[in-house]
Amino acid sequence: MEINADSSAGVAPTHQAEPLNYLNHKKGIASWLFTVDHKRIGLMYLALIGVALFLGGVFALAVRTHLLRPSDKMLTPEQYAQMFTLHGVIMIFLVIIPGIPAVLGNFVVPLMLGAKDVAFPKLNLFSWYLFATGVVMALVTLFTGGLDTGWTLYTPYSSTSFSNVSLVGTAAFIMGFSSILTGLNMMVTIQTMRPKGMTIFRMPLFLWAAYATGIIQIIGTPVLAITLLLLLMERFFRVGIFDPAMGGDAVLFQHFFWFYSHPAVYIMVVPAFGVMSELITVHTRKTIFGYKAIAYSSVAIAILSVIVWGHHLFVSGQTMRTSVIFSIITFAVAVPSAIKVFNWMATLYKGSIALTTPMLFALSFLFTFGIGGLTGLFCGALAIDVHVHDTYFVVAHFHYTMIGVVMVMLGGFYHWWPKITGKMYHERLGQLSAVLVFIGMQMTFLPQFIMGSLGMPRRYYWYPDEFSMHHHISTGGSYILAAGFALVAFNLIWAIFNGKKAPANPWGGATMEWYTQSPPLPHNFDSAPEAGDPYDYTKVHWDNEKKEFISPYVQ
Amino acid sequence: MLNHLGATSALLDSPFRMLPEKSSNFADPVDFAFHLTFAICAFFFAIIVLTTIAFVIKYRRKPGDYPNPKLATHNESLELAWTLFPSVLLVVIFWFGTLPFIEMRDLPDDSECIVIKVTAQQFQWSFSYNDGAKTSSDLMLPVNRRIKLVMTSSDVLHSMFIPNFRVKQDVVPKRYTFLWFETNAEEAEYPFYCTEYCGQLHWAMGSLNPEAPAKVKVVSLDKFKEFLTAPEFSADDLTPELWEEYRNGNLEGVTAAFPDLEIPDLLAYGQKLFTAKTCNGCHTANSDVTLIGPGFGGRWGKTLNLVGGSTATFDEEYVRRSILEPNADFTTEFAAQAPDASGMTGAMAGPMRPSERELEALIEYLKTRKAE
Ligand SMILES: [Cu+2]
Ligand SMILES: [Cu+2]
């Protein structure tokens with residue numbers, strides 16, 4: 001292997017003469033903070049997101065533990081409101097929205113393209129700094145009044161709340177730009193940097209998903225920015241926009257908010273669809289079933305997602321006709337989602353299914369997201385939504401979709417971890433973590449459907465006795481879920497220090513990130529590989545002597 | 001047809017209860033839609049789970065076996081089938097979900113129903129009947145009647161949710177929103193809740209209020225009429241002599257003068273006024289927790305630091321002035337609101353402003369509050 005060491009003045013010859021890679025070619029904190037390498041930036045996102053996930057998880061556990069026996073008053077009503085609000089804000093804006101697009105998107109997209117970096121590497125670093133600023137501001141909020149409005153920030157409560165709405169609003173505003181710029185970067189990268197042979201219908205599905213996500217980020221996020229700006233104007237300059245006491249319209253905020261926040265659901269879910277498609281084919285060694293259907297349905301979802309926001313407003317006072325129209329479009333989005341699920345199932349047919357950790361997470365996603373999607377039909381059906389709106393039913397519904405996304409994200413981390421770190425994680429522990437997350441998830445949220453449809457409202461500090469059993473099971477489940485997450489973190493970190501050395505292509509994948517060494521070279525590939533069918537496993541052979549997969553272009 | 005299918009959903013109801021008891025005209029169609037959707041979802045979920053598990057078992061990789069399969073990449077008729085079939089079922093769900101909704105939103109004329117005005121505020125509901133002739137914090141309803149709620153909020157968003165009736169509607173400041181339904185034949189009490197987050201005590205708004213849980217009370221028509229016409233004790237109706245007796249703790253004369261009224265003593269009267277005048281929306285009585293204004297538990301006799309550097313004692317004079325002129329003094333805790341942003345100003349300007357006699361009862365009540 002030939003390595004061009006010109007630019008890396010500080011090349012550190014490592015003790016075991018480890019081959020040069022993006023992790024060891026430069027050392028020191030500055031080499032990370034000023035890097036424009038998409039792989040390192042991806043990891044820096046991961047570091048921030050890991051911290052955020054931990055905090056968001058702790059807050060969730062505080063809420064669940066309080067609800068074990070509210071009469072103990074473990075939290076005051078104020079602390080309780082703070083906990084569920086910050087849990088929501090952190091998990092959505094700091095963990096799930098950036099999770100797959102910023103971590104895996106950054107790391108994997110250029111590699112899948114056989115490219116050296118994203119289209120705008122410096123802009124990419126700038127996006128990270130925007131995100132980091134947002135994270136720091138959100139953390140500062142914790143110590144400066146907190147936030148007690150719910151993550152939805154509904155006006156006029158948020159226009160007048162004494163908690164630190166302004167700081168969180170500014171943080172989300174800044175992070176929005178990070179999201180827009182990352183989306184833009186991904187779209188341009190995919191649009192302009194595809195290698196020879198990669199027509200759009202030969203793109204790995206993760207690239208389709210990254211592209212579709214970029215579209216939603218660019219259309220939706222500016223509206224969030226505008227909304228937050230208006231809210232800040234109202235709070236600072238008392239311009240009456242949303243607060244009726246100042247001549248504003250309270251419900252207008254909800255339209256603005258959901259115009260972004262419904263698509264945001266798909267900013268979270270579409271990348272997960274992409275990862276899911278990769279996991280399923282690689283770990284069954286079978287070409288994806290219905291490539292075009294999956295690809296097109298990502299785009300269809302991306303477009304439809306921008307015109308369904310009104311389904312959050314069925315009881316807001318919106319007119320009946322408007323609600324009926326939004327209900328129709330909402331049911332229309334169900335179709336492309338269902339198509340994807342069936343395609344993944346068909347991919348399993350006659351495959352060679354390996355129950356590796358990533359595959360277990362993928363299967364968990366199929367069930368969990370299946371329930372999340374199907375219960376969405378209850379919420380989309382007008383008269384049923386009137387009953388379940390703002391109850392635990394809805395809480396359970398969106399946690400099924402969101403934690404579904406997190407499952408795929410974790411599966412993706414496991415799947416690409418050998419590539420990212422050059423080390424293998426512990427397979428048995430990994431499988432155990434997947435099982436814990438799955439069981440914990442079901443136990444936490446299945447009872448919430450039932451209490452919700454029985455009439456238990458959400459964001460409640462207290463509950464009627466009839467729901468004690470449901471709440472107890474749910475809290476028990478949340479501890480198992482937390483243990484599952486902790487085990488994932490442990491396993492991934494353990495791998496860095498103690499894991500076996502990873503081969504270039506541990507799973508026998510056919511997409512191009514597996515063509516380079518693990519961890520990849522600083523500039524990914526020595527010569528641009530030529531792309532073929534990303535799911536043609538006939539070209540990746542198992543070499544029984546070397547005990548590893550041989551890809552056609554391994555460098 | 002709906003009725004016939006309603007019977008089926010009643011069957012589903014018993015062992016796997018997923019919905020509260022049905023107590024209004026909307027319960028049947030909503031529950032039908034719910035159970036139908038449930039059945040369709042269960043069907044699909046069963047397909048997904050069973051097929052996946054079957055595939056995973058059947059096609060599990062054998063150790064060391066890495067086949068190079070070249071298999072079907074798509075199948076148009078299969079894909080068409082799994083697009084069209086769910087689509088048809090989606091239309092069905094949409095249909096049965098929309099029908100009852102259209103009815104819910106099709107408001108009956110005022111002449112065909114009993115109109116009740118609902119005002120929501122942090123953290124209390126108040127219901128007003130017969131154009132304000134009668135108010136209550138429980139929602140009183142007669143059996144077998146068509147009811148229309150005309151709702152508004154005096155501060156932030158709230159939402160009226162009565163699970164047993166399957167109705168819910170947000171309540172918006174400076175706007176009216178509506179709910180209508182028909183009560184069933186049974187007399188019963190039901191819980192109701194606020195389901196739009198409205199602040200830290202959002203949960204205490206309605207049936208979970210720890211001090212005074214409010215209920216939906218469905219009563220016979222006679223009892224309802226009685227409730228509407230029942231006179232209530234008001235200190236302002238007393239002659240000066242009787243008032244003098246009453247405030248000194250002698251209830252005999254008053255009881256004799258108003259034989260069909262229940263006469264509270266001054267302290268109990270103050271407690272009642274604390275709710276009736278909506279003070280409890282902003283103040284806790286028995287704790288020192290600040291809602292919008294300070295909590296009164298244990299506050300009596302304390303020395304307060306005022307904006308501007310002076311101090312005051314929390315006593316009769318101070319309380320009287322705070323209520324009648326909310327902008328007169330601000331303690332340093334509320335410095336941010338000075339000089340005139342007090343939430344109380346608006347609240348005390350209208351019909352909620354206590355009379356002199358009511359003030360005395362309120363003071364009597366505040367005097368005796370302890371922090372829990
Ligand atoms: Cu939505
Ligand atoms: Cu409320």
Side-chain angles (χ1 to χ4, degrees), chain A residues 77-78 81 148 150 154 156-157 244 250-251 285-287 289-291 293 315-317 320 324 327-328 331 334-335 338-339 341-342 345 348-354 363 366-367 370-371 374 377-378 381-384 386-387 389-390 450 453-455 457 459-462 464 508 537-538 542, chain B residues 18-20 29-30 33-34 37 41 44-45 48-49 51-52 55-56 59-61 66-71 73-74 79 82-83 86-87 90 93-94 97-98 100-102 104-105 156-157 159 161 163 166-170 172-175 177 191 193 195-203 208:
Chain A
E78 176 175 9
D148 73 344
Y154 273 13
Y157 185 67
V251 183
R285 256 186 102 62
K286 216 195 115 192
T287 190
F289 187 91
Y291 175 96
V315 301
S316 69
M320 188 260 283
V324 171
S327 173
I328 294 175
F331 277 105
V335 178
I339 290 176
V341 170
F342 293 133
M345 286 164 58
L348 298 175
Y349 177 66
K350 289 197 173 168
S352 161
I353 302 171
L363 293 173
L366 203 61
F367 294 155
I371 295 183
L374 289 169
L377 301 179
F378 292 80
L382 291 160
I384 306 179
V386 168
H387 180 64
H389 180 87
D390 264 326
I450 302 172
S453 62
L454 283 173
R459 296 174 169 171
Y460 263 38
Y461 175 80
W462 203 267
Y537 294 98
T538 57
W542 174 253
Chain B
M18 291 179 287
L19 292 161
V30 170
F34 187 98
T37 310
C41 289
F44 275 109
F45 189 63
I48 295 174
V49 172
T51 319
T52 306
F55 284 173
V56 168
Y59 305 119
R60 177 116 186 244
R61 182 175 296 169
Y66 302 100
N68 286 336
K70 201 61 175 143
L71 291 165
T73 54
H74 63 283
E79 291 180 67
W82 74 39
T83 308
S87 303
L90 288 179
I93 297 178
F94 165 78
T98 302
F101 183 77
I102 292 177
M104 285 176 190
R105 290 291 181 268
V156 299
L157 296 174
S159 188
F161 177 37
R166 312 287 189 273
V167 293
K168 181 180 291 126
Q169 173 64 54
D170 284 4
V172 184
K174 298 259 162 91
R175 259 200 212 181
T177 53
Y193 305 103
T195 43
E196 188 62 82
Y197 180 71
C198 58
Q200 292 165 9
L201 296 187
H202 163 58
W203 53 278
L208 285 179

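Below, chains carry the letters A, B, ... as their sequence lines are ordered, and counting in each starts from 1. Not measured: the values here are computed from a predicted model. Atom set for the values below is all heavy atoms of this structure, side chains included, hydrogens, waters and symmetry mates excluded.
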Working to the nearest 0.5 angstrom, can you tell me the gap between B:T37 OG1 and A:L377 CG?
7.0 Å

Are the side chains of A:H387 and B:F34 in touch, meaning some heavy atoms are under 4.5 Å apart?
no

To check you understand the geometry: which heavy-atom pair defines the closest contact between B:F101 and A:M320, and what is its length?
CE2-CG, 3.9 Å

With a 4.5 angstrom heavy-atom cut-off, is it the side chain or the backbone of B:V172 that approaches chain A, or both, or neither?
side chain

Considering only heavy atoms, which portion of A:V324 lies under 4.5 Å from any heavy atom of chain B: side chain, backbone, both, or neither?
both

Mind checking whether A:P464 and B:P191 have side chains closer than 4.5 Å, heavy atoms only?
no

Can A:D148 and B:Q200 be said to form a side chain to side chain contact (heavy atoms under 4.5 Å, CB included), step by step?
CA-CA 7 Å; A:D148 73 344; B:Q200 292 165 9; 2.8 Å; yes

Under 4.5 Å from any heavy atom of chain A, what part of B:P86 do you find: side chain, backbone, both or neither?
side chain

Minimal heavy-atom distance between B:I93 and A:A381, with the atoms involved, is CG2-CB, 4.0 Å

Top contributor to chain B contacts, counting heavy-atom pairs under 4.5 Å, from A:I384, A:D390, A:L454:
A:L454

What option among A:V315, A:V341, A:L374 has the most heavy-atom pairs under 4.5 Å with chain B?
A:V315

Please answer whether the main-chain N or O of A:H389 pairs with a side-chain N or O of B:K168 as donor and acceptor at a distance below 3.5 Å.
yes

Chain B contact via A:L363 - which portion, at a heavy-atom distance below 4.5 Å:
side chain

Listed by chain and number, what are the salt bridge (Lys or Arg N to Asp or Glu O under 4.0 Å) partners of B:R175, not counting sequence neighbours?
A:D249

Criterion ring pair (Phe, Tyr, Trp, His ring centres under 6.0 Å) on B:H202 and A:Y460, from CA distance to verdict:
CA-CA 7 Å; B:H202 163 58; A:Y460 263 38; 5.0 Å; yes

Rounding to 0.5 Å, atoms CG (A:L366) and CD1 (B:I48) come to a distance of 6.5 Å

Aromatic centroids of B:Y197 and A:Y154 separated by under 6.0 Å:
no

Measure across B:S87 and A:V335 and return the closest heavy-atom pair with its distance rounded to 0.1 Å.
OG-CG2, 3.7 Å

Run the side-chain hydrogen bond (donor to acceptor under 3.5 Å, both in side chains) test against A:Y461 and tell me which residues pass, sequence neighbours left out.
none

A:I353 versus B:R61: any side-chain heavy-atom pair under 4.5 Å?
no

With chain B, which of A:A354, A:A81, A:G317 has the greatest number of heavy-atom pairs at distances under 4.5 Å?
A:A354

Output the option from A:G150, A:G455, A:P244, A:G508 having the highest count of non-hydrogen pairs under 4.5 Å with chain B.
A:P244

Mind checking whether A:L348 and B:Y59 have side chains closer than 4.5 Å, heavy atoms only?
no

For B:Q169, is it the side chain, the backbone, both, or neither that has a heavy atom closer than 4.5 Å to a heavy atom of chain A?
both

If you look at every heavy atom in B:T52 and A:F367, which pair is closest and at what distance?
CB-CE2, 4.1 Å

Under 3.5 Å donor-acceptor, A:S453 side chain and B:L19 backbone
no

Please find the pair of heavy atoms, one from B:L90 and one from A:A334, that lie closest to each other, and give the distance.
CD1-CB, 3.8 Å

Taking A:A250, A:S316, A:G370 one by one, which has the highest count of heavy-atom pairs under 4.5 Å against chain B?
A:S316

Indicate yes or no: at least one non-hydrogen side-chain atom of A:K350 is less than 4.5 angstrom from one of B:F55.
no

Begin with the C-alpha distance, continue with both residues' side-chain angles, and end with the deciding distance and a verdict on side chain to side chain contact (heavy atoms under 4.5 Å, CB included) for A:I339 and B:W82.
CA-CA 7 Å; A:I339 290 176; B:W82 74 39; 4.2 Å; yes

Heavy-atom nearest pair, A:S327 first then B:F94, reads OG-CD1, 3.4 Å

Interchain contact, B:F161 with chain A, by part (heavy-atom threshold 4.5 Å):
side chain

